[in-house]
Every structure is written in structure tokens, then in C-alpha cells.
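Report on one structure; see the data block that follows.
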There are 2 protein chains.
Amino acid sequence: MARDDKRELLLQATLELVAKQGFHGAPCAAIAEQAGVAAGTIYRYFENKDVLINELYLSLENRIHVALLEGYSVEMPFRERFLHVVRGLLKFFITSPLEFKYIEQFHHSPYGVAFRRDRMLGQTESEGCCTIYSELFTQGVAQQVIKDLPRVVLFDLAFGPIISVARNHILGFIQLDEALIEQIAEACWDSLKR
Amino acid sequence: MARDDKRELLLQATLELVAKQGFHGAPCAAIAEQAGVAAGTIYRYFENKDVLINELYLSLENRIHVALLEGYSVEMPFRERFLHVVRGLLKFFITSPLEFKYIEQFHHSPYGVAFRRDRMLGQTESEGCCTIYSELFTQGVAQQVIKDLPRVVLFDLAFGPIISVARNHILGFIQLDEALIEQIAEACWDSLKR
DNA sequence: TGCAAATGAATGAACGGTCATTCATTTTTG
DNA sequence: CAAAAATGAATGACCGTTCATTCATTTGCA
């Protein structure tokens with residue numbers, strides 16, 4: 001088996017266990033078993049468990065970024081770009097429930113706290129991935145098409161409902177389809193537009 | 001020291017430790033120390049740690065419920081009742097950062113998962129505490145003043161941003177004041193209203 | 001080509017540390 | 001002084017990580 005395969009197997013095993021059972025349900029022994037590998041083997045591919053957890057998170061962030069960029073152009077009218085991002089996020093989440101759950105677990109764990117602290121310290125300005133959103137909202141405020149609220153609040157108004165709706169879909173409390181996604185995206189827009 | 005005092009001390013210690021450091025940072029030994037008590041004493045007041053954690057959560061849910069009921073009346077116009085609840089929640093959260101953080105930690109931990117599962121099984125209809133919201137949204141849809149979306153989606157649109165904004169206030173990324181709270185409540189209303 | 005030596009990936013038992021919980025003992029209370 | 005409350009050392013379960021050992025594969029040599 002090629003080196004990268006086993007590495008990928010370990011990442012996938014971690015994704016599944018953490019998504020389905022949380023970090024408490026994903027000890028190294030279980031991750032190794034799920035990957036069909038011995039516990040010690042983890043340490044041939046990752047310096048330690050923290051590194052494994054964090055690398056998986058980073059790769060998921062990147063996959064989202066790539067997905068959102070598809071069909072996105074700074075030439076599009078503002079409202080369209082906003083709706084594109086909202087729809088894109090929702091669709092990514094509901095078609096990738098394990099990834100969504102992993103990200104949520106990560107954010108609310110000590111890993112997420114440490115990660116945010118480190119990113120805070122290490123950010124020398126635009127961090128590549130968050131640029132889309134920042135740029136979008138800054139333009140919207142400047143063009144007076146959305147409410148003049150602090151950037152962070154605009155973020156919360158737009159993405160708070162998205163996360164919440166995605167979670168409830170994944171937990172089976174609602175069934176999102178194209179039509180409902182469109183209505184939700186429009187509702188998010190309503191809360192932002194002037 | 002009266003019996004209830006020591007019990008209260010343990011609940012308060014748990015609140016503080018979990019809020020500030022998460023469940024990982026709140027082992028029984030630390031909770032006992034913070035409460036000025038020996039580890040074994042915990043088990044004179046709570047059957048085990050799970051019970052302590054869950055009872056604390058229930059008491060916080062109840063405090064929120066009581067706070068929201070203050071100044072609330074089913075006689076008020078629909079929009080006013082909605083804004084009352086949104087403002088009330090936001091104000092409760094930002095004046096009770098420890099309580100907010102505890103609730104978030106709880107929701108995203110194995111405790112929260114088990115709790116929701118148990119509540120699902122045990123609910124014989126309206127569970128007292130959630131009645132306000134359910135009733136509110138059902139009426140709003142019936143009176144055609146808010147969008148005709150699934151109840152759960154309305155919940156998400158209204159409360160997703162609230163949680164998100166409260167978190168960012170407590171983490172110090174924004175400073176909420178009366179004016180900003182009002183603007184946010186209005187924005188939530190915009191996303192719901194027809 | 002055929003054989004021996006070297007390599008390094010994989011293993012999993014073992015280790016040190018942390019945790020929730022127990023219980024024999026001590027302290028407080030009425 | 002008897003009963004209740006509080007103590008904290010001891011216990012066993014579980015965790016992440018290490019490392020001596022195994023063994024399939026590759027390399028070096030005649």
C-alpha cells in the first residue's frame with residue numbers, strides 16, 4: 001500500500017469517528033482500528049494526535065474554499081455573489097454531513113480554541129481563505145446595499161442561520177431541497193439588505 | 001454551612017470551570033477545589049458527575065425561561081413579542097457570559113447529545129420551556145405576518161444569529177450596546193417578516 | 001541470476017499520567 | 001456521645017505515546 005493511502009485512511013477514519021461520536025469517541029486506538037492499522041502507525045504519518053486533528057481540519061477548510069470559488073466571480077452583482085456563497089455553503093454542508101459535524105466538533109473543542117488563538121497571532125492580514133467574505137461585506141457596506149453594521153455582526157446575521165439550518169438538516173429535523181435552500185438564502189439576504 | 005449552600009457552591013464551581021476551560025478543564029478534583037470542598041463531597045450532593053452537569057444545565061435553561069417571561073404577554077402585538085424574546089435572549093447572554101459559555105459547551109458535548117436524545121424520547125408534547133417560541137411562530141405563520149417556512153427553519157433564522165452574535169460579543173470581537181442590540185433584533189425580524 | 005545483508009514500515013505490549021469514583025477514617029454537629 | 005458530614009488516599013479504567021521487535025522488501029555483491 002502506498003504511503004499516501006495509509007495517511008488518507010487515517011484522516012478518513014478520524015473524520016468518521018469524530019463526526020459520529022465526538023472527540024471522546026475517537027481515541028487513537030479506535031482511529032487506528034477503523035483505519036485497519038496498528039496504533040503505533042499513526043505516529044509514522046503524524047507527529048501526534050493534535051497534528052492529525054488539525055491537519056484534517058485545515059484540509060476541510062480548504063475544500064470548502066475551493067467549492068465556494070466555483071462559479072464565483074467578482075464581476076457578479078453584489079446580491080448574486082452573496083446568494084452564491086450562502087447557497088454554496090449550505091449545499092456543501094448538507095452533502096458532506098461528516099465534514100460538517102467534524103468542523104462543528106472541532107470549533108467547540110479545545111483544539112478549536114487553540115487553533116483560533118494561533119491563527120489570531122499568526123495572521124499578517126488577509127488569510128487567503130476568509131478573504132472572500134471580508135471583501136464581500138466591505139464592498140456591500142461601501143456601496144450602501146447592505147446595512148451599516150460591524151463586519152462581525154454582518155457575518156453572524158448571514159452565517160448564523162446557515163450553520164443552524166445545516167445542523168438541523170443533518171440531524172434530520174428538516175429536509176432541505178433546492179426550493180427551501182433558495183428561500184433560506186433569500187431570508188438571509190433580507191436580514192442584511194438595506 | 002447549610003446543606004444547600006455547599007450544593008450551590010459546587011454548581012457555581014462547575015459553571016465557572018466548564019465555561020472558562022471546557023469539560024476537559026473541569027475534572028472532579030478541580031471542581032471540588034474551586035468549591036473549597038473535598039473530591040468525595042461531590043457525591044454527597046450529586047449521584048455522579050453526569051447528574052451534576054445535567055442539573056446545572058437544567059437550572060440555566062430555567063433561568064432563561066424566567067428572564068424571557070418578564071414583561072412578556074400574549075396580548076402584545078406579534079412583532080413586539082418577537083422583538084421582546086430576541087432582545088431578552090441577547091441581553092441575558094451578554095450579561096451572563098459564564099452561563100452562555102456553559103450552555104454552548106454542554107450543547108456540543110456528549111452530555112448535550114445524550115440530553116437531547118433523552119428529551120426526544122420523554123416528551124409527551126409541549127415541554128413547558130419551549131412553548132413560548134413554538135406558540136409564537138405558529139401564530140406568526142397563521143396570521144401571515146412571517147414567512148411560511150418550516151417551524152425549525154424559522155427558529156434557525158431567528159436564533160442562529162443571536163447565538164452567533166452573543167458568542168462574538170463574549171469573545172470580545174464586538175461590543176454590543178442597546179442601540180446595536182436593537183439593530184440586530186430588527187435585522188432578525190427582517191429575515192422572518194413577509 | 002542467486003544469495004545475503006540492510007532497510008524501514010508496521011506492530012502492539014507496556015508506560016506514565018489523568019480521570020471518576022469509592023470507602024475507611026476523621027471531623028463536625030446537635 | 002451518637003449520628004451525619006466531610007475527607008482524601010486508594011482504585012481501576014482509559015488515554016496518548018513510546019519503543020523493542022518483526023518481517024516484507026530492497027539493495028549490494030559474486
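Just so it is clear: chains get the letters A, B, ... in the order the sequence lines come, proteins before strands, and each one is counted from 1.
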Roughly, in whole Å, what's the span from [atom1] in [X] to [atom2] in [N]?
X       : N      : atom1 : atom2 : value
B:Lys6  : C:dT28 : NZ    : P     : 11 Å
B:Asp50 : C:dC19 : CG    : C1'   : 13 Å
B:Ile53 : C:dC19 : CD1   : P     : 14 Å
A:Phe46 : D:dT18 : CZ    : P     : 16 Å
B:Arg44 : D:dA6  : CZ    : P     : 7 Å
B:Glu33 : C:dA20 : CD    : P     : 14 Å
B:Ile42 : C:dC19 : CD1   : P     : 12 Å

Tell me whether B:Glu47 at atom CD has more than 12 heavy atoms from other residues, nucleotides or ligands lying less than 6.0 Å away. no

Take a 6.0 Å sphere around CD of B:Glu33 and say whether it holds more than 12 heavy atoms from other residues, nucleotides or ligands. no

Taking C-beta and beyond as the side chain, do [X] and [Y] meet within less than 4.5 Å on heavy atoms?
X        : Y        : result
B:Ile53  : B:Ser109 : no
B:Lys49  : B:Tyr111 : yes
A:Leu180 : B:Leu149 : yes

Presence of salt bridge, A:Lys91 and A:Glu178, under 4.0 angstrom: yes

Go along nucleotides 10-16 of chain D 5' to 3' and tag each nucleotide: B for a protein heavy atom under 4.0 Å from its base, S when only backbone or sugar atoms are that close, - otherwise. -----SS

Presence of A:Tyr45 side-chain N/O under 4.0 Å of C:dA9 phosphate oxygens OP1/OP2: no

